[in-house]
Amino acid sequence: MAAELSTSINIKEPRWDQSTFVGRAKHFFTVTDPRNILLSNDQLEKARQIIHNYKQGIVTPGLTEDELWKAKYIFDSAFHPDTGEKMILIGRMSAQVPMNMTITGCMMTFYKTTPAVVFWQWINQSFNAIVNYTNRSGDAPITVNQLGTAYVSATTGAVVTALGLNALSKHVSPLLGRFVPFAAVAAANCINIPLMRQRELKHGIPVLDENDNRLGESSKAAQQAITQVVVSRILMASPGMAIPPFLMNTLEKKAFLKRFPWMNAPIQVGLVGFCLVFATPLCCALFPQKSSMSVSRLEPELQEKIRANHPGVERVYFNKGL
């Protein structure tokens with residue numbers, strides 16, 4: 001009989017070293033794997049039970065280390081790290097590639113008319129709002145009124161930005177006009193993410209010591225977390241929205257697309273999807289998920305509290321969200 005699996009494996013942390021970009025990239029290639037959205041509720045519950053039992057020191061009979069890590073990544077792909085609640089399906093990071101490739105591909109195909117711009121920007125910002133809410137940092141609830149206000153503000157800002165840029169694009173070359181959706185998405189991310197996570201900016205997010213002991217809530221930590229997420233989301237969209245325009249501009253001059261114009265959207269969606277398969281995990285990996293900052297950069301009152309109750313702590317840690 002094989003020896004029972006050790007209970008000393010630290011599954012609170014990812015399998016790979018998160019202090020390196022390569023380690024974080026391996027982690028996020030697993031987390032953002034689109035195949036995870038095909039898992040059934042029974043498979044998710046089985047993974048949740050394996051992880052819950054293991055944390056209690058109970059090893060499922062016959063469980064191997066590889067199976068344990070597989071269960072952890074299935075669990076992480078579907079359950080929020082702070083609240084433990086099952087995340088909305090299309091808000092999970094594993095849904096990023098299939099959802100974004102479809103929406104982005106259509107935004108970049110149907111960008112010339114005002115109704116098309118409004119519709120696809122609305123769809124995109126509605127999706128972003130779900131993703132931003134689902135992957136927020138912290139465990140404090142957000143009210144329906146706060147959620148509604150943030151969604152309407154973010155979506156309106158994104159649509160107005162897209163229409164303004166679209167109007168300007170009429171005075172530039174057709175190739176530059178193809179980059180309007182990217183500029184709108186980049187600008188909208190700067191609006192949508194802070195608005196959807198405004199409660200964190202106002203009330204702060206939980207900060208912990210290196211042993212995961214909660215030290216308080218910090219809005220300064222929230223500012224750093226949200227800034228990092230905005231940067232990574234804009235860069236995440238860059239390859240899929242910057243490379244296809246050049247290729248499509250060339251392809252549309254060829255006989256094939258002139259003969260089969262209906263292939264424009266499927267080709268564009270496919271190109272965006274190919275870029276996103278790599279851009280999504282690599283850009284998620286730009287900053288550590290468990291971010292950190294010096295105690296001296298926190299709010300003065302929180303600094304005093306930490307130094308009074310935890311005098312040896314010089315650095316705090318927090319989940320930056322995705």
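- Residues P98 and P34 have side chains in contact (heavy-atom distance under 4.5 Å, counting atoms from C-beta outward).
- Counting heavy atoms from C-beta outward, L68 and I9 have side chains that approach closer than 4.5 Å.
- Considering CE of M87 and CD of E85, their distance stands at 9.0 Å, rounded to 0.5 Å.
- With sequence neighbours excluded, the residues forming a ring pair (Phe, Tyr, Trp, His ring centres under 6.0 Å) with Y73 are W16, H27, listed by chain and number.
- By the 4.0 Å N-to-carboxylate-O rule, D66 lies too far from K70 to be salt-bridged with it.
- Side chain of Q303 to main chain of S296: a donor-acceptor pair is present (N/O by atom type, distance under 3.5 Å, no hydrogens or angles).
- For Y317, the ring pair (Phe, Tyr, Trp, His ring centres under 6.0 Å) criterion is met by no residue, not counting sequence neighbours.
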- Step by step, work out the side-chain contact (heavy atoms from CB on, under 4.5 Å) result for E217 and I205. CA-CA 5 Å; E217 287 75 38; I205 57 177; over 6 Å; no

Could you walk me through whether R315 and S294 satisfy the side chain to side chain donor-acceptor pair (under 3.5 Å) test, starting with their C-alpha distance in whole Å, then the side-chain angles of each, then the deciding distance to 0.1 Å, before giving a yes or no?
CA-CA 4 Å; R315 198 159 193 85; S294 170; 4.9 Å; no

- Query: Could you go step by step and tell me if K46 and D42 meet the salt bridge (charged side-chain N to carboxylate O under 4.0 Å, His left out) rule?
  - Reply: CA-CA 6 Å; K46 180 181 178 182; D42 286 344; over 6 Å; no

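- Of the possible donor and acceptor atoms, none in the side chain of E200 sits under 3.5 Å from a partner among the backbone N and O of Q223.
- The distance from atom SG of C284 to atom CG of L235, rounded to the nearest 0.5 Å, is 11.0 Å.
- Two residues are said to be in side-chain contact when any heavy atoms from C-beta on lie closer than 4.5 Å; L286 and F21 meet this criterion.
- Taking 4.5 Å as the limit, every side-chain heavy atom of N213 sits out of range of all side-chain heavy atoms of L208.
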Apply side-chain contact (heavy atoms from CB on, under 4.5 Å) to I306 and L298, showing your working.
CA-CA 10 Å; I306 291 173; L298 299 172; 3.7 Å; yes

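- Counting heavy atoms from C-beta outward, N100 and V272 have side chains that stay 4.5 Å or more apart.
- Linking ILVMFWY side-chain heavy atoms closer than 4.5 Å, directly or via other members, places M101 and I123 in a single hydrophobic cluster.
- Within the 4.5 Å cutoff, no side-chain heavy atoms of S94 are placed close to those of D33.
- Across all non-hydrogen atoms, the minimal contact from F278 to F274 is CD1-O, 3.3 Å.
- The side chain to side chain contact (heavy atoms under 4.5 Å, CB included) check on S77 picks up N36, with sequence neighbours excluded.
- For the pair M93/F28, no side-chain contact is recorded, criterion being any heavy-atom separation below 4.5 Å from C-beta on.
- The side-chain heavy atoms of F75 and H52, taken from C-beta on, include no pair separated by under 4.5 Å.
- Residues F127 and I90 approach most closely at CE1-O, 3.1 Å, considering heavy atoms.
- With hydrogens and angles disregarded, a donor-acceptor distance shorter than 3.5 Å links the side chain of Q43 to the backbone of S40.
- D17 contributes a side-chain N or O that, together with a main-chain N or O of S19, makes up a donor-acceptor pair within less than 3.5 Å.
- Considering every non-hydrogen atom in both M236 and T280, the closest pair reads CG-CA, 3.7 Å.
- Residue-environment remark: CD (E314) stays at or below the threshold of 12 foreign heavy atoms within 6.0 Å.
- The backbone N or O of A221 lies less than 3.5 Å from a partner atom in the side chain of S218, making a donor-acceptor pair.
- Closest non-hydrogen pair, S232 versus C283, comes out as CB-O, 3.3 Å.
- Between A95 and L89, the shortest heavy-atom contact is CB-O, 3.6 Å.
- When every heavy atom of C106 is checked against every heavy atom of V269, the shortest pair comes out as N-CG2, 4.4 Å.
- Side-chain atoms of E299 come within 3.5 Å of backbone atoms of K220 as a donor-acceptor pair (strictly under, hydrogens ignored).
- Both M99 and I88 are part of a single hydrophobic cluster, where members link through side-chain heavy atoms under 4.5 Å apart.
- Transitive grouping of hydrophobic side chains (ILVMFWY, heavy atoms separated by less than 4.5 Å) keeps I74 and I37 in distinct clusters.
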- prompt: So S219 and L201, side-chain contact (heavy atoms from CB on, under 4.5 Å) or not? Walk me through it.
  reply: CA-CA 5 Å; S219 57; L201 292 170; 5.8 Å; no

Inset, instruction - Please assess K86 against N41 for the test side-chain contact (heavy atoms from CB on, under 4.5 Å), listing each intermediate value before the final yes or no. - result: CA-CA 10 Å; K86 186 183 289 185; N41 284 330; 3.2 Å; yes

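- Put simply, CD on E210 and OG on S292 are 11.0 Å apart, with the number rounded to the nearest 0.5 Å.
- Q18 contributes a side-chain N or O that, together with a main-chain N or O of G23, makes up a donor-acceptor pair within less than 3.5 Å.
- Taken to the nearest 0.5 Å, the CD atom of E13 stands 10.5 Å off from the CD atom of Q289.
- With T30 contributing its side chain and K26 its backbone, the two residues share a donor-acceptor pair below 3.5 Å.
- Atom CD1 of I103 is separated from atom CG of N124 by 5.5 Å, given to the nearest 0.5 angstrom.
- Of the listed residues (K55, Q56, Q49), just one forms a side-chain hydrogen bond (donor to acceptor under 3.5 Å, both in side chains) with N53, and that residue is Q49.
- With E67 contributing its side chain and T64 its backbone, the two residues share a donor-acceptor pair below 3.5 Å.
- Salt-bridge formation is detected for the pair R48/E45: a Lys NZ or Arg NE/NH1/NH2 atom is positioned less than 4.0 Å from an Asp or Glu carboxylate oxygen.
- Between W122 atom CH2 and T156 atom OG1 the span is 12.5 Å, to the nearest 0.5 Å.
- Between the side chain of K290 and the main chain of N319, no donor-acceptor pair closer than 3.5 Å is present.
- In K12, the NZ atom is not crowded: 12 or fewer heavy atoms of neighbouring residues, nucleotides or ligands sit closer than 6.0 Å.
- Clustering ILVMFWY residues whenever any of their side-chain heavy atoms sit less than 4.5 angstrom apart, transitively, puts V59 in the very cluster that holds I11.
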